[in-house]
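Position 1 is the first residue of the sequence, and the numbers go up from there.
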Amino acid sequence: MSTSEIKLKKEREIIELKSRCKKDFSFFCEKIVGIGVEKDGVQKLILTKKQKEIGDDIVKLIRIKVMTMQALQKPPEDYVKTLEKARKTMSDVNFSEFQLKHEEQYLKQIFKDFYNRNKTEKDKETDDEYADKLYALGKKKLVSVMAARGVGKTFLAGLILWYYLYSYDAQVYVVGPTGGQVDRAFWPQINELAQHSYRIYGSKSVLSGENKIFMIGTREVKSMQYKEKSQWGSTCFAKRVQIDHSKSQEDQKAAVSGLWNEHKLVVIDEASAMPDYIYSVLSDSCRLFSQCNLIFSIFNPNRNKGFAIEGSTGKLPEAIGHHISAVGCELIEAEKVEQDKLKYGEDSPYYRVSVLGLPPKTDDGAFISFEWIQQAKQRFALHANNPDLPLTSDPMLIGVDIGLGGDKTVVASRKGNFLLNFDENNSADSDEVEFFIISLVEKYEANHLYLEYTAISASICQSIQKKLSATMPQCHVHLIKPGGKANDNKFDRKKDELVYKMAKSFENQLICIPDSRSEIWDEFESELSLIQLDKKRQEKDGKIKVLAKSNAQYVKALKDATGYSSPDKTDAFAMTFAHDYDVQVAVTRKNKNRFKDREPVISGRYSWLN
């Protein structure tokens, strides 16, 4: 066999392979990425039933859209003549209506012809039913996947990206609520899938290694199938799209405008945090039948509204929805699911969102809603890579819940409107606790220290105040009596006033808290979610009071969720709201326009954080 014949044979094999991949998602995953393939020394990756189901839906939608796109690119002569005649005799409005109807009839006939050519004895539906079904599917723009944590949603999105790039020489745009989200999760995933392909297939891999046909960069994947290196990625690529949420709504929309291409896929990572107005722009750019355009969104449902939720639950007509629960998922051990169910409770926001993959219930009884907590985490992530925030000039505040009476001592560290950390000490020895607190004050160079002042903690508070006045006079020590009189007489106690101000910082979208899956932050989130007002007290005299530790039902719920009966973390954090401080952005050449024209705008000292 001559060299040219060998080359021609190889090209035919590639065409046949691509053709098979276009029709079969599981085949692509196995033959190109190595999913499900066993090899010594290489971890076997599997495709779950739900991942296969969603991948098959993507393949089906793309094939329908390719069929309609090709049909409209080269329509028969009589189709064109009918439209030309109608254009001459009809008004613009009537012509638009006629064109849509004429297009629908034409495309349905294409579907009928396809069905009649390929139907088997097993196919019982009529060609009209088949055509109606495919036409309805062709009108879909969005595949929205609502999922629990750890069920492989980012893994699936990475596979779909590679499927579309490889099979169709397409353009893929990856959009996330923050650049860090794409950096930390999505981009490493597509890189890992390429590396897995190489570990399985070696030099035969097309995703990685010496014979790869794609170049993975830090912000872009480029196709290398061009004659000149300068042309790499010119028509086939995957790109990250950065949205600067500190800019105006119109500027954010502009970042995702103009993404036009015959073959286009937009992947929205953690879509529940993406504003609806961004989705609207992306949706409007997707042509229904004349181009193969699709949006694929994945998210953990930490809120109960928005396009992603509506799309996954069947409330958005243009979407196909999917749901992946950890219950029954091949990637999650049943024992872990049962442990979380017992620890957090079946109706708890954490279990619903993280394990069941369902949005939180409307928590009318909660003082701080689950959605507010998730928004605070998203704000922290949004600003995580911003060197300007928090500013050096922002006050460093430390709140301490002293637990000498049997509870642990908890220290909350807050810089401006950023909750940074919780530190804990289980000692009952006053000298050890005192040293622990002073060490943290020095470590964080605190400007203000708020100590819980009770009969049990009085001596240690006075000792700390005396020592710091001598060693750190710049640190103002405040002794807070939780059961004392509030500044505003609408509150029953000082603690109620502090918790109320803390809750308002969540409601008004001011405070930022880390999004960490560590136990200490899960406990803090549970504590926040369980805070409730004492409605009986409000009905009695109008006073605002949160349920106290003397309330048996509240204590039981807290113990079931966290394993302990005292909300030490929220008590410590609430201490830092004893006073108001100006937290502002320094006006520098770099950031003076950063927060102009943002919507919505909260007036006052915290407007920069909204």
Side-chain angles (χ1 to χ4, degrees), residues 57-58 60-116 126-144 164 168 170-171 173 175 235 249-250 252-266 268 274-297 306-308 310-311 314-321:
D57 266 1
I58 292 286
K60 186 188 301 180
L61 283 179
I62 290 174
R63 293 188 68 198
I64 291 170
K65 289 178 179 293
V66 168
M67 193 185 301
T68 62
M69 178 179 69
Q70 292 174 345
L72 291 172
Q73 285 176 346
K74 295 180 179 180
E77 189 176 344
D78 60 337
Y79 174 85
V80 177
K81 285 182 176 180
T82 302
L83 285 180
E84 289 176 347
K85 182 179 178 180
R87 188 186 296 275
K88 293 176 182 179
T89 58
M90 293 181 178
S91 66
D92 289 343
V93 174
N94 289 340
F95 175 73
S96 295
E97 293 177 358
F98 175 81
Q99 185 180 23
L100 289 174
K101 190 65 178 176
H102 189 52
E103 180 184 271
E104 179 180 347
Q105 292 172 346
Y106 168 57
L107 293 177
K108 284 185 176 180
Q109 188 59 52
I110 296 292
F111 295 143
K112 289 180 184 180
D113 294 342
F114 177 82
Y115 178 68
N116 289 323
T126 66
D127 56 2
D128 281 326
E129 291 171 337
Y130 182 82
D132 289 343
K133 180 176 69 176
L134 263 62
Y135 186 80
L137 285 171
K139 294 171 73 173
K140 304 295 184 182
K141 297 180 180 180
L142 170 68
V143 176
S144 188
Y164 203 35
Y168 288 96
Q171 295 181 6
Y173 298 91
V175 186
T235 59
Q249 193 175 115
E250 291 307 311
Q252 292 179 52
K253 288 180 180 180
V256 294
S257 299
L259 306 181
W260 302 94
N261 191 57
E262 189 175 271
H263 278 287
K264 180 187 73 176
L265 172 70
V266 179
I268 307 179
M274 189 63 65
D276 283 0
Y277 56 79
I278 295 294
Y279 171 73
S280 294
V281 175
L282 293 170
S283 177
D284 290 346
S285 72
C286 291
R287 303 289 178 84
L288 286 182
F289 297 111
S290 60
Q291 292 183 340
C292 185
N293 295 166
L294 194 62
I295 301 171
F296 178 73
S297 71
F307 79 90
E310 291 179 0
K315 296 178 181 178
L316 202 63
E318 64 194 49
I320 291 178

From CA spacing to verdict: side chain to side chain contact (heavy atoms under 4.5 Å, CB included), I64, F114: CA-CA 11 Å; I64 291 170; F114 177 82; over 6 Å; no
Heavy-atom side-chain proximity of I278 to F307 below 4.5 angstrom: no
Rounded distance (nearest 0.5 Å) linking atom CD of Q252 with atom OG of S257: 11.5 Å
Pairwise side-chain contact, V66 with Y168, heavy-atom cut-off 4.5 Å (strictly under): yes
Could you pull out every donor-acceptor pair under 3.5 Å between side chains of residues 70-81 and any protein atom, sequence neighbours left out?
| residue | atom | partner | partner atom | Å |
| --- | --- | --- | --- | --- |
| Q73 | NE2 | E262 | OE1 | 2.7 |
| E77 | OE2 | K81 | NZ | 2.9 |

Salt-bridge criterion met for K108 and E104 (N-O under 4.0 Å): yes
Euclidean distance, F111 CZ relative to M67 CE, rounded to 0.5 Å: 6.0 Å
Heavy-atom donor-acceptor pair, K253 side chain to V281 backbone, under 3.5 Å: no
Listed partners of K60 passing side-chain hydrogen bond (donor to acceptor under 3.5 Å, both in side chains), at least two apart: none
Check: V143 and D57 side chains under 4.5 Å, non-hydrogen atoms: no
Nearest-0.5 Å distance, CD of residue E103 to OH of residue Y135: 6.0 Å
Nearest atoms (heavy-atom pairs only) where D276 meets G306: OD1-CA, 3.6 Å
Student check: side-chain heavy atoms of F98 and L83 closer than 4.5 Å: yes
Close side-chain approach of T68 to I110, heavy-atom, < 4.5 Å: no
Inter-residue atom distance R63.CZ - L134.CG, 0.5 Å rounding: 10.0 Å
Taking every non-hydrogen atom, the tightest pair across Y173 and L259: CE2-CD2, 3.7 Å
Beyond-backbone contact of K264 with S285, side-chain heavy atoms, under 4.5 angstrom: yes
Step-by-step side chain to side chain contact (heavy atoms under 4.5 Å, CB included) determination, Y279 to L142: CA-CA 10 Å; Y279 171 73; L142 170 68; 3.7 Å; yes
K112 side, atom NZ; D128 side, atom CG - distance, nearest 0.5 Å: 3.5 Å
D92 CG: over 12 foreign heavy atoms closer than 6.0 Å: no
From CA spacing to verdict: side chain to side chain contact (heavy atoms under 4.5 Å, CB included), M69, H263: CA-CA 10 Å; M69 178 179 69; H263 278 287; 3.6 Å; yes
Sidechain-backbone polar pair: N293 side chain, N261 backbone, donor-acceptor under 3.5 Å: yes
Donor-acceptor contact below 3.5 Å, side chain S144 vs main chain A308: yes
Side-chain heavy atoms of F289 within contact of K139, under 4.5 Å: yes
Y130/N116 under side chain to side chain contact (heavy atoms under 4.5 Å, CB included): CA gap, chis, key distance, verdict: CA-CA 10 Å; Y130 182 82; N116 289 323; over 6 Å; no
Expected output: side-chain K65 to main-chain K140 donor-acceptor under 3.5 Å: yes
